[in-house]
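Chain letters run A, B, ... following the sequence lines, proteins first, then strands; residues in each count from 1.
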Number of protein chains: 2
Amino acid sequence: MATPFHNPSCHHCKDRFSSIFCKAEQCNLDQIADAKVCSVYRKGQVIFHEGAYPFGVYCVNDGKIKLSHSGDDGREQIIRLVKAGDIMGYKALLSNERYTATATALEDSSICFIPKDLFLNILQKDASLSFEMMRILSSELRKAELKITHLAQKPVRERLAETLLFIKETYGLEEDGHTLSVRLSREEIANLVGTATESAIRLLSEFKKDGMIELEGKKIRLLDMDEIIRTANLQD
Amino acid sequence: MATPFHNPSCHHCKDRFSSIFCKAEQCNLDQIADAKVCSVYRKGQVIFHEGAYPFGVYCVNDGKIKLSHSGDDGREQIIRLVKAGDIMGYKALLSNERYTATATALEDSSICFIPKDLFLNILQKDASLSFEMMRILSSELRKAELKITHLAQKPVRERLAETLLFIKETYGLEEDGHTLSVRLSREEIANLVGTATESAIRLLSEFKKDGMIELEGKKIRLLDMDEIIRTANLQD
DNA sequence: ATTCCCCCTTGACGCATATCATTGCCGCCC
DNA sequence: GGGCGGCAATGATATGCGTCAAGGGGGAAT
């Protein structure tokens, strides 16, 4: 896949900035609006790559992205699912290190790039933006630590159910109120759960047999939410 | 560093605050020095408890603390090891939620408490302190995500070796240059690795048989660092 | 339509690791 | 000293889950 193409008329940015940047002061927002560059990435395209040096931060206008580590043996572990309004790439920027994850578009996505210097600069001046940034980081950290506990203590079956709920929380459902509105390969689901692809497939089949879900290609319909929640065995 | 603190009840604070608060402006440091309250916690005492509401942030002057989640089935997962100079409890404070982890002293520890309002207030005013806070959060997040990948992909043996190295990095060695300077029960080691206590014991015995380490009660001596590193199989 | 290729699916197998149970060790208290 | 309780160590056993292998189906390109 080639380079993403520049999208000069990116009207949606301003709205999409709501989640984080709405906290910023107006003058800073304007600066960002001037400096940002919007592009469209096709499904499967890489936005940034593990090991590379960051030159800025990315804000998703529209689309769905996965952030993943590539483990030692080449297997990938999906760390985070990114949706419209989220930013990504800030971790490497703030700690001034290389990217620890690769960002790949799960579907065609419109993404803004904000240069490093500008972002850090505004962060220095704008207390409420900084604070929002800290809130986001804290929340991500909380989720990560919970995931650690679950990976260490829960069987794959529970984690898979939990993952289905997580995907639903993140990307929501289609109009029918049942179908997950993102198409992931079985391998991606497994890499999200932290298990082998075959195990994920087998358990999905079981879930289907038990009437919890319906499968149709990459479409996954959540039928019996109560049972899924029960299977996930969430306490916290 | 100079002596920004003059709280007579806590002589050591000034040195230990270096790691984060040295980034703060002097006037803010003074305010913190006035407001903070220092206490000594005995080994095994709980500093704060999962589920409780935070009223401030803790800064460790001296001692060693473990932060742990209590999993659904009661098993604990150790999330972080805290050492002198570190702060803890900030996550819950920043995201304005209850503590997600319990802090327990691994040995007698001297700990300062900084009230919530003051901390948040200063964070609003002091850009470089905020920035340092973001750096810490980013770094913790990076570590947490790495741990997720390893939990999902590496066998217990590698994770145990990695954990030994991690303990060494965190708390260092005793004067002999080999003995880990913290005493953890086998169960705590297992809860750090994310495995059953018996598995941890068995593998420690293997490591000993292979000449990598020496065991004497809770003392663990790292003999063959190269081999331990090799066993940990680190890539990143 | 046919071919190819990728992904999904299912089965068989074996290992790593959890679990259960027992024993031994050491320090502590009465 | 004797018993007691917590922790460490080790063995026996069970099983969840990863890995290997083979088959099947559907979409895209030609």
> Which part of the nucleic acid, if any, lies within reach of B:Thr197 when heavy atoms closer than 4.0 Å are counted: base, sugar-phosphate only, or nothing?
Replying inline: nothing
>> Please report the distance, rounded to the nearest Å, between CD in B:Glu206 and P in D:dA9.
In response: 13 Å
>> I'd like to know if B:Arg98 pairs up with B:Glu50 as an ion pair, taking the criterion as any Lys NZ or Arg NE/NH1/NH2 lying under 4.0 Å from an Asp or Glu carboxylate oxygen.
In response: no
>> Rounded to whole Å, please give me the gap between CG in A:Asp73 and P in D:dG18.
In response: 12 Å
> For B:Glu188 and D:dC7, what is the distance between atoms CD and P respectively, to the nearest whole Å?
Replying inline: 9 Å
> Which part of the nucleic acid, if any, lies within reach of B:Thr195 when heavy atoms closer than 4.0 Å are counted: base, sugar-phosphate only, or nothing?
Replying inline: sugar-phosphate
> Start at the 5' end of DNA chain C and walk down; is the nucleotide closest to A:Leu184 or to A:Ala152 reached first?
Replying inline: A:Leu184
>> If you count every heavy atom of other residues, nucleotides or ligands that lies below 6.0 Å from A:Glu187 atom CD, does the total exceed 12?
In response: no
> Please give, in whole Å, the distance from D:dC17 P to A:Leu160 CG?
Replying inline: 11 Å
>> Rounded to whole Å, please give me the gap between CZ in B:Arg183 and C1' in D:dA8.
In response: 16 Å
> In terms of side-chain heavy atoms, does B:Ser185 have a donor or acceptor partner in B:Lys218 at a distance below 3.5 Å?
Replying inline: no
>> Judged by each residue's nearest nucleotide on DNA chain C, which is more toward the 5′ side, A:Glu187 or B:Arg157?
In response: A:Glu187
> Could you state the CZ-C1' distance from B:Arg186 to D:dA9, rounded to the nearest angstrom?
Replying inline: 9 Å
> Where does the chain A footprint on DNA chain C start and end, counting 5' to 3' with a 4.0 Å heavy-atom cut-off?
Replying inline: C:dC7 to C:dA12
> Salt bridge between A:Lys64 and A:Glu107, side-chain N to carboxylate O under 4.0 Å?
Replying inline: yes
> Nearest-Å distance, CD1 (A:Ile201) to P (D:dC17)?
Replying inline: 16 Å
> Base, sugar-phosphate, or nothing for B:Lys218, non-hydrogen atoms under 4.0 angstrom?
Replying inline: sugar-phosphate
> Between atom CD1 in B:Ile220 and atom P in D:dA8, what is the gap in whole Å?
Replying inline: 10 Å
>> I want to check one thing: is the phosphate of D:dC17, taken as OP1 and OP2, less than 4.0 Å away from some side-chain N or O of A:Arg202?
In response: no
> Contact class for A:Arg75 (heavy atom, under 4.0 Å): base, sugar-phosphate, or nothing?
Replying inline: sugar-phosphate
Donor-acceptor contacts under 3.5 Å from residues 193-209 of chain A side chains, at least two apart:
| residue | atom | partner | partner atom | Å |
| --- | --- | --- | --- | --- |
| A:Ser205 | OG | A:Ile201 | O | 3.1 |
| A:Glu206 | OE1 | A:Arg157 | NH1 | 2.9 |

> Between the side chains of A:His69 and A:Glu76, is a donor N or O closer than 3.5 angstrom to an acceptor N or O?
Replying inline: no
> About how many Å separate SG of A:Cys112 and OH of A:Tyr58, when rounded to the nearest 0.5 Å?
Replying inline: 11.5 Å
> Ignoring hydrogens and angles, does a donor from either the side chain of A:Glu198 or the base of D:dC20 sit under 3.5 Å from an acceptor on the other?
Replying inline: yes
